[in-house]
Amino acid sequence: MQRAENPLVWAVARVPARVRTKLLVAFLAIATLLVVIALVGLRVLGDSNSRAERLGALQVRVGGYRELEADAALLRQVLALCASTPDYAKWLNGGKPTAGAPATCLKSMEQPVDAVLALLGSATRLGFHPEPDEATSLRRVRKDYADVKTTVAKITDSSAQAFPLHARAETLSVDLEVAARSLAETATGKTNALIAENRSAYESSRNLFIGLAAGTIFLALLLGFILSRALTGPLGRAQSRLAEIAAGDFSSHVDVPNRDELGALAADVNRTNDELRRLYGELETASRHKSEFLANMSHELRTPLNAIIGFSQVLRQRLFGEVNEKQEEYLDDILSSGNHLLSLINDVLDLSKVEAGQVELEVATFSLREALERGVVMVRERAVKNGVHLSLELSPDVDLVDGDERRVRQVVFNLLSNAVKFTPAGGSIVVADLRVDGEVQVSVMDTGPGIAPEDQQRIFEEFQQTDVGVQHREGTGLGLALSKRLVELHGGRIWVESQPGHGSRFVFTLPLEQSARPAEEHALRSSAGTVPAPAPNR
Amino acid sequence: MKKALIIVVAAGLVFAVGAYGAERGGSGAVVQKQAALYQIQQIEKTWHKAASTKNLDLMMSIWAQNATMTIGGSTVTGKDAIRDVFAKAGPFQPQNHWISDTAAYKIRATVNGNRGTLYFECHYIDVDTQKVAAVVGADQQVQKIKGKWLITNLAASTVTLQP
């Protein structure tokens, strides 16, 4: 991890805590924010409920005060109906002197006035508790109401007393109405203020919640980003490094600054890398020494063995005189054992050269068709002797390929030898080639005993044979291993498809880079007489 | 030391600006109320000008559309009905030469928001006889409607105010 990549990610990675602890802390932080949001929400809901209750109480008060105001206005109107001196009559009557309402007018309206006073009296008995600042105005209302009631009650039939009392009642009624209105307006003002406060509180709460929600989302995303980078980043780098190690690259280390399990994992990966590099180096050295030893020893063994085989053949051919029957039998044994030993040594030598990297292919264009035909010819005699039918099924669009002809023929011969060796009398062997997905497939199919699935990989390793192979007491267990190496040197693959009791099909491929040229070209080459020499029988 | 001085000066400035703002806020409400009272009292001026010049249209310009008027033992509602009352009233008769006036101590106004009260007594002087023809009083409810203070209710009142 590069520190410059993201300081927060780097800092979280450097925290000396377990991954579980880091995840818990992150979730706890988000959960805390959610709890804060919930608490704030409860607080806001509580405030809103409190304001709603206050608003309801205010509306009840406003209603009560408005009723008081209306009753006071009604009282003033009723009193005004009798406020008619001769001057009013004169004013209304175009300036002509006219008799006005009598001073006893109000007395005559005793019943409606009492009704209004009763209304007002009931209105002053409020069904709620006024606030302290309203109490003063309410006391004034109640006092005016009581004074009006007293004044109206004092009005007599005597005009001398009626007019001043009437004027007094009017003044009080005006004062009463003003006081009642003041109460109503005050309560209305408080209601409006509370509504405004409610609106403002709603906007504040909305903004608060939007901010908190945005903050929570941002924090959650940030924590998610940081944790994912701090946790998955090292995992990805460790995985990449392991893939490189699996591919045989032990040259570098994974760089993880974490102080948690991931840091420990990266350290283990690095230790594994170092240990594997050391072991691989040792293995390479040992393998190289083994191959060099085998190559040298094979060479040293083959030299005297050639002498043994050569002189045995000379004696067997009686070039130095007659041999008796017993001697001839022993010479055959010496020759047979010598050839077997030579074959074994040659295979070991080839295998060692391949492993030691001393084999260099002599790549050239050659006719695969002819190579296969020659391979068949080489084993036909033995196949006929064993009662095995041998056939070729060659594809017309496959012929010339690029490769080391001698090595390819060696592979074909090995596969055919095995097939002839393990196919019982009356069986058959089919050699075929085919062009598949940019490569040439060569197959040798027999009707032999087949190979168990657990043996199908093992038989390509050195000195490994199936149980049937061991029972035949033939072969060295090196043919398939050598064939595998040679095919892989060509960039191809080799495998077997088999079921016990149903025969086997050995297949190897050769890359089709410049191969599989048209058959016409093959015809031209054949007519030119280019025929490769047969491979030595191994 | 210099830093502390700067802080003290800054705090003083903030305090002064705050106090000035509060002062402006308080005085603003008072001025608004005084302006409303002045406009309400202009109703009384218009009343007397209309009555003295027999200008009925001018008189009706100070009434709200659905105003009520209780005088002489009855109540009328609406500007048309009120106009009829004024059309028959003494000050607006062609043969009368009345001048209307209100003594300064006989007027009283209150205001509360966009509503208020206006009480005044009218002294109608007959120019021809050089005598007071009539003295009447009225309690009025006024309201600011579309930016103009208008009478919404008038109740005749016994004249009571004394100097």
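Lettering of chains follows the sequences in order, A, B, ..., and the numbering in each one begins at 1.
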Above 12 or not: heavy atoms from other molecules or residues under 6.0 Å from NZ of A:Lys149? no

With no hydrogens and no angle check, is any side-chain donor or acceptor of A:Asp87 less than 3.5 Å from a backbone partner on B:Val136? no

Let's go through A:Arg76 and B:Thr70 carefully: what are the C-alpha distance in whole Å and the side-chain angles of both, what is the deciding distance for side chain to side chain contact (heavy atoms under 4.5 Å, CB included) to 0.1 Å, and is it a yes or a no? CA-CA 10 Å; A:Arg76 190 173 61 81; B:Thr70 302; over 6 Å; no

For A:Asp133, does the CG atom sit with more than 12 other heavy atoms under 6.0 Å from it, leaving out its own atoms? yes

To the nearest 0.5 angstrom, please state how far the CD atom of A:Glu69 sits from the CZ atom of B:Arg115. 5.0 Å

Angle between ring planes, B:Tyr124 versus A:Trp91, binned at 30° and 60°: parallel, tilted or perpendicular? tilted

With the side chain counted from C-beta on, respond yes when A:Glu177 and B:Asp139 share a heavy-atom pair under 4.5 Å apart, and no when they do not. no

Evaluate the side-chain proximity of A:Asn93 to B:Lys88: yes if any heavy-atom separation is below 4.5 Å, no if none is. no

Pairs of heavy atoms under 4.5 Å with chain A: top-ranked of B:Ala87, B:Gly137, B:Gly116: B:Gly137

Can you tell me how far the CG atom of B:Leu154 sits from the CD atom of A:Gln77, to the nearest 0.5 Å? 9.0 Å

Check whether any side-chain heavy atom of A:Tyr88 sits under 4.5 Å from a side-chain heavy atom of B:Ile71, and report yes or no. yes

Is it the side chain or the backbone of B:Phe86 that comes within 4.5 Å of chain A heavy atoms, both, or neither? side chain

Against chain A, label B:Asn96 side chain, backbone, both or neither, depending on which of its atoms sit under 4.5 Å from a heavy atom there. side chain

